[in-house]
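Below: one structure, written as structure tokens.
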Amino acid sequence: MLFALTREISPRFAECQLTHLPRVAIDIERARAQHDAYEWALVELGCTIRRIDSAPETPDAVFIEDTAVVLREGAVIARPGAEPRRAEVPAVAAALARFGLPQHELAAPATLDGGDVLVVGRQVFIGASARTNVEGIDQMRRLLEPFGYRVRAVPVHSCLHLKSAVTAVGRDTILINRDWVPADAFAGPTLVDVDPDEPHAANALWVAGPGGLDLRGDGVVIYPAAYPKTGRRLEAHGIRVRAVEVDELAKAEGGVTCCSLLVKFGRS
Ligand code: GLY
């Protein structure tokens, strides 16, 4: 079973945090329609959606990925680097608790956004970004290494999160913008570079699970329609792409990984 935990768009979405992008007008109804379509793409790929309510005081809540890291062994409840975003955390922790997974909360002074955590097999890459500090990375290392994960800090610049610059697009393949993260940190996996005309194109959501459109069982990436050149590069590597329109969500500095937390039970 593959669940996708998502979160409703807040009525004050337009007051979101912004770090690298200028504030521009956001059409909230268009953002909501894009978010609905994103959830439908997840359903087509075999996910069961569990959508949590949102509230005016949590403008960024739709970017649920930043509030937790979900692994087979349990969930780490994050401590987001932007202080106003910490109000998003309790509702997500409560929703994750309903899955019965063990939970561990990061403690101050650690800060960590889930968008800075990229898991590739037993390797966990954590972005040393404006949102995630050394203490956050150290606490993750202490938590995860006893389970056989190898935690590695990766410097990130010119973008919000590690996963703005690099994401998994298959079991052993990653999509990367080498201008924002050092490629040599990712020795081992096959690297697919974003098209030079599309620097924001490295954020893809790989959904590997049973059912739906995923007939071969090796996964599909949910991917922004705004980046067709990089999308064609992925397809040239044999990666199946399910395009979604998410440009209204992108104005709030959110990508396709940010809008869900995948919780998997059973064989991958
Ligand atoms: N607006 C997304 C973030 O800053 O966390």
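One-based numbering, in listed order, for ligands and for the atoms of each.
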(request) Under 4.0 Å from a heavy atom of L160: give me the atoms of ligand 1 that qualify, with their elements. (result) 3 (C), 4 (O)
(message) H161 versus ligand 1: do any nitrogen or oxygen atoms come within less than 3.5 Å of each other?
(response) no
(request) Could you check atom 5 (O) of ligand 1 against the protein and tell me its nearest heavy-atom contact, residue, atom and distance included? (result) R85 NH1, 2.6 Å
(message) Under 4.0 Å from a heavy atom of D60: which atoms of ligand 1 are those, numbered in the order shown and with their elements?
(response) 1 (N), 2 (C), 3 (C)
(request) Just say parallel, tilted or perpendicular for the rings of F125 and F186, cut-offs at 30° and 60°. (result) tilted
(message) When you measure from the centre of the six-membered ring of Y149, is the NZ or CZ of R122 closer than 6.0 Å and no more than 45° off the axis?
(response) yes
(message) Measuring from non-hydrogen atoms of G254 to any atom of ligand 1, is the shortest distance under 4.0 Å?
(response) no
(request) Taking T132 for its side chain and S129 for its backbone only, find out whether a donor-acceptor pair lies under 3.5 Å. (result) no
(request) Determine, using heavy atoms of T19 and all atoms of ligand 1, whether some pair is separated by less than 4.0 Å. (result) no
(message) Has N203 got a side-chain atom pairing as donor or acceptor with V256's backbone, closer than 3.5 angstrom?
(response) yes
(request) Taking the side chain as every heavy atom from C-beta outward, state whether I49 and L42 have any pair of such atoms under 4.5 Å apart. (result) yes
(message) Quick check on D113 - does any of its heavy atoms sit under 4.0 Å from an atom of ligand 1?
(response) no
(message) Students should be able to answer this: which protein heavy-atom is nearest to atom 4 (O) of ligand 1, and at what distance?
(response) R131 NH2, 2.7 Å
(message) If you measure every N or O of A252 against every N or O of ligand 1, does any of those distances drop under 3.5 Å?
(response) yes
(request) Any chance you could measure S10, atom OG, to D60, atom CG, to the nearest 0.5 Å? (result) 8.5 Å
(message) Check this for me - ligand 1, E253, N or O atoms closer than 3.5 angstrom, yes or no?
(response) no
(request) Verify, without hydrogens or angle tests, whether R23 (side chain) and A14 (backbone) share a donor-acceptor contact under 3.5 angstrom. (result) yes
